[in-house]
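These notes concern the structure reproduced below.
On a predicted model such as this, the values are computed, not experimentally measured, just so you know. Sequence lines set the chain letters: A, B, ... in the order given, protein chains first and strands last, and positions in each chain run from 1.
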2 protein chains.
Amino acid sequence: MLKYILLGFLNYQPMTGYDLKRLVDGSTAHFWHAYHSQIYTTLRKMEQDGLVTSIIDNSDERLERRIYDVTELGKSKFKQWLGKSLTELPPSKDSLLVRLFFSGSRDRSSVLDELRFQRQLRQQQLELYRQIKPEKSPAESDLIDFDREAKFWRMTLDLGLAYEQMYLKWLDETIAKIESF
Amino acid sequence: MLKYILLGFLNYQPMTGYDLKRLVDGSTAHFWHAYHSQIYTTLRKMEQDGLVTSIIDNSDERLERRIYDVTELGKSKFKQWLGKSLTELPPSKDSLLVRLFFSGSRDRSSVLDELRFQRQLRQQQLELYRQIKPEKSPAESDLIDFDREAKFWRMTLDLGLAYEQMYLKWLDETIAKIESF
DNA sequence: AAATTACTTGTAATTATTGACATATAATTT
DNA sequence: AAATTATATGTCAATAATTACAAGTAATTT
């Protein structure tokens, strides 16, 4: 999946692994995160497979930057992937729920501490989402139909917002239930 | 993570890989799914690591069943894992959102078809959750404090229900938005 | 000026997960 | 009776993801 995210971003413009890491962190990480190590190694793999090319930029003298660009094959594979609709529910994974599921033997206070801490984190995440406003970066302005793109970005953000609010509500109810055991 | 799920279930009673697969499918798969191949290989790995032991049951003559049981080391590792609270948000992954994020260049109708199909699947999932009622299986009745366990199982199910409802609402709104482009 | 922290770029080893292949029995349908 | 589908049990190869290690530059703080 990461492969397609990287191709998607490289369709906008050529960039380095670090640029991609920042883009991922600021957008898709909310529904598909990746460590920088995975991004760098995936880019190398993609280059071997002919999906991207890279050139070394030495304009800085000191710092070597490897700039990746998508190839025609990469563009075609990306479109092909976008064309094949999902026919299943994406599997979800939530380790907090795994832990809660098996928490029958735990101290009530320990479970409550964990849930209250998660509540804090969820609250922060919600605040973070509320501050996000898709903005036109200069580089993107002419390369893509920004208004149309932004609409789709906004939709994914809307799910994030709804998700955090739902989760917070559930945490509150769950904490209350355990307190009343 | 799967390791701990398997240990958690084996704490209830010894069982085979297939038994575990069914238990996972019927419960934790909603927040942590696993293919049978992963379950069988993880069990082998756990046996090598001394977390479980296995005996071959030939009582059937024809069919060989390998029955796994948790060791003291396994029990201790499981408790240790439960004791260390999560201090971060579990990362979430949703390939539908990845696809939507990059859907700026797609035909409206193609995106709509995909979202409408996901709506169907989510609706089915919601119905499925609504039919789940934790019941006491004979084998479990004396081994664990079922009522307490069931409360925690119920909580994870509640999140599943809230999640599907939230997702359906978002899908409806998103479909409507795209229709009105 | 030195120390610390954040930024930037990667590699390597390990672990986890997926997808394909394989095989045999049991139950059901045609 | 034959064919098909569901049940049950696994292995193996490939891919994906995580964690740890490494090493240098840039910016900020003391």
_In whole Å, I'd like the distance from the OH atom of A:Tyr40 to the P atom of D:dA22._
18 Å

*State whether a side-chain donor-acceptor pair under 3.5 Å links A:Arg44 with A:Thr41.*
no

*Over how many whole Å does the gap from A:Lys3 atom NZ to D:dT15 atom P extend?*
9 Å

*In chain order, what residues pass the side chain to side chain contact (heavy atoms under 4.5 Å, CB included) check against A:Ser54, with sequence neighbours excluded?*
A:Glu47, A:Arg66, A:Tyr68

*Figure out the CE/C1' separation between B:Met15 and D:dA8, and round it to whole Å.*
16 Å

*Length of the line joining A:Leu6:CG and D:dA17:C1', which is rounded to integer Å*: 13 Å

*Got a sec? Which of residues 43-52 of chain B come in under 4.0 Å of DNA chain D, heavy atoms?*
B:Arg44

*Can you tell me if the side-chain N/O atoms of B:Trp32 get under 4.0 Å from OP1 or OP2 in C:dT17?*
yes

*Give a yes or no answer on whether the side chain of B:Arg99 reaches the backbone of A:Lys84 with a donor-acceptor pair at less than 3.5 Å.*
yes

*Whole-Å gap separating P (D:dT18) and CG (B:Leu2)*: 15 Å

*Ignoring hydrogens and angles, tell me if any N or O in the side chain of A:Thr42 forms a donor-acceptor pair with the backbone of A:Gln38 under 3.5 Å.*
yes

*Taking the inter-plane angle between the rings of A:Tyr12 and A:Phe9 on a 0 to 90° scale, is it parallel (under 30°), tilted (30 to 60°) or perpendicular (over 60°)?*
perpendicular

*Give the rounded distance in Å between these two atoms: CG of B:Asp57 and P of D:dG10.*
11 Å

Contacts under 3.5 Å, N or O only, protein and nucleotides 18-21 of chain C:
| from | atom 1 | to | atom 2 | distance (Å) |
| --- | --- | --- | --- | --- |
| C:dT18 | OP1 | B:His33 | NE2 | 3.2 |
| C:dT18 | OP2 | B:His33 | NE2 | 3.4 |
| C:dG19 | OP2 | B:Tyr35 | OH | 2.9 |
| C:dG19 | O6 | B:Ser37 | OG | 2.8 |

*asked:* Using whole Å, what does the distance between atom P of nucleotide D:dG10 and atom CZ of B:Arg65 come to?
replied: 10 Å

Review item, side-chain donor-acceptor pairs of residues 162-176 of chain A, under 3.5 Å, at least two apart:
| from | atom 1 | to | atom 2 | distance (Å) |
| --- | --- | --- | --- | --- |
| A:Glu164 | OE1 | A:Arg122 | NH1 | 3.2 |
| A:Glu164 | OE2 | A:Arg122 | NH1 | 3.1 |
| A:Gln165 | NE2 | A:Leu161 | O | 3.3 |
| A:Tyr167 | OH | A:Asp94 | OD2 | 2.6 |
| A:Lys169 | NZ | A:Glu173 | OE2 | 3.4 |
| A:Trp170 | NE1 | A:Thr174 | OG1 | 3.3 |
| A:Trp170 | NE1 | B:Met155 | O | 2.9 |
| A:Asp172 | OD1 | A:Arg119 | NE | 2.5 |
| A:Asp172 | OD2 | A:Arg119 | NH2 | 3.2 |
| A:Thr174 | OG1 | A:Trp170 | O | 2.7 |

*Decide yes or no on side-chain hydrogen bond (donor to acceptor under 3.5 Å, both in side chains) for B:Glu127 and B:Gln123, but give the supporting numbers first.*
CA-CA 6 Å; B:Glu127 295 307 329; B:Gln123 188 67 55; 3.2 Å; yes

*Rounding to a whole Å, what distance do you find between B:Asp19:CG and D:dG10:P?*
11 Å

*Does B:Arg22 have any salt bridge (Lys or Arg N to Asp or Glu O under 4.0 Å) partners at least two apart in sequence or in another chain, and if so, which?*
B:Asp19

*Other cluster members, B:Ile67 - Ile/Leu/Val/Met/Phe/Trp/Tyr, side-chain contacts below 4.5 Å*: B:Ile55

